[in-house]
Amino acid sequence: MTGVKQGDFEGAVGESWEVDGPEGTIVPLTLEVVQPLPRATREGGAFRLEWSGPGDLVLPQATYAFSRGGERSDIFIVPIARVEDRIRYEALFM
């Protein structure tokens, strides 16, 4: 995702995204956090995104196609925690 800015996601906190998972599955992930990162060197600023998804399937660290409202973007995510019955994922834009 080139040219992506933090503001592209701020209005989408709490919204669900469809992620193309393994073997043709669609995994719903909810955007939970949009956080600026200090000392950004990338154009548009550095930031992190955090999603949560169902706990019965853990998506391994990889790039996935995220879709919402007719828009599609490839985003590299990493599973970072299990919280209750949800898996949390992080993407960094630095």
Side-chain angles (χ1 to χ4, degrees):
M1 262 178 97
T2 57
V4 174
K5 296 182 177 79
Q6 178 180 330
D8 296 337
F9 295 93
E10 288 176 334
V13 171
E15 294 185 13
S16 183
W17 299 65
E18 291 184 343
V19 178
D20 292 349
E23 301 177 19
T25 60
I26 301 296
V27 181
L29 297 185
T30 302
L31 184 61
E32 303 285 347
V33 175
V34 178
Q35 179 183 31
L37 298 174
R39 300 186 190 125
T41 57
R42 78 183 283 276
E43 187 175 326
F47 61 99
R48 69 180 282 273
L49 303 175
E50 191 173 315
W51 281 273
S52 69
D56 60 342
L57 171 68
V58 178
L59 296 171
Q61 171 178 310
T63 299
Y64 295 93
F66 280 67
S67 301
R68 180 182 67 92
E71 295 182 20
R72 186 175 173 101
S73 301
D74 291 333
I75 301 175
F76 182 82
I77 59 172
V78 176
I80 57 170
R82 179 182 294 275
V83 178
E84 298 174 5
D85 64 343
R86 307 283 289 168
I87 303 296
R88 304 215 37 120
Y89 300 91
E90 180 181 62
L92 297 175
F93 295 85
M94 301 181 68

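As the structure is a prediction and not an experimental result, all values here were calculated from the model. Residue numbers count from 1 along this sequence.
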Evaluate Ile26 against Asp20 for side chain to side chain contact (heavy atoms under 4.5 Å, CB included), listing each step before the verdict.
CA-CA 5 Å; Ile26 301 296; Asp20 292 349; 3.3 Å; yes
What's the shortest heavy-atom distance between [X] and [Y], and which atoms?
| X | Y | answer |
| --- | --- | --- |
| Gly55 | Arg82 | O-NH1, 3.1 Å |
| Pro79 | Gln61 | CD-N, 3.7 Å |
| Val27 | Leu59 | CG2-CD2, 4.1 Å |
| Ser16 | Pro28 | OG-CB, 3.9 Å |

Verify same cluster id: [X], [Y] (apolar side-chain graph, 4.5 Å):
| X | Y | answer |
| --- | --- | --- |
| Leu37 | Leu49 | no |
| Trp17 | Leu57 | yes |
| Ile80 | Tyr89 | no |
| Val13 | Phe47 | yes |
| Val58 | Ile77 | yes |

To the nearest 0.5 Å, tell me how far [X] [atom1] sits from [Y] [atom2].
| X | Y | atom1 | atom2 | answer |
| --- | --- | --- | --- | --- |
| Phe76 | Thr63 | CZ | OG1 | 6.0 Å |
| Thr30 | Glu50 | OG1 | CD | 12.0 Å |
| Glu18 | Arg72 | CD | CZ | 10.0 Å |
| Arg86 | Leu29 | CZ | CG | 8.0 Å |
| Met94 | Arg48 | CE | CZ | 11.5 Å |

Given side chains that start at C-beta, do those of Val83 and Glu32 come closer than 4.5 Å, heavy atoms only?
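Of all side-chain heavy-atom pairs linking Glu32 with Val83, none is under 4.5 Å.
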Check the orientation of Trp51 and Phe66. Use parallel for under 30°, tilted for 30 to 60°, and perpendicular for over 60°.
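It falls in the tilted class, 30° to 60°.
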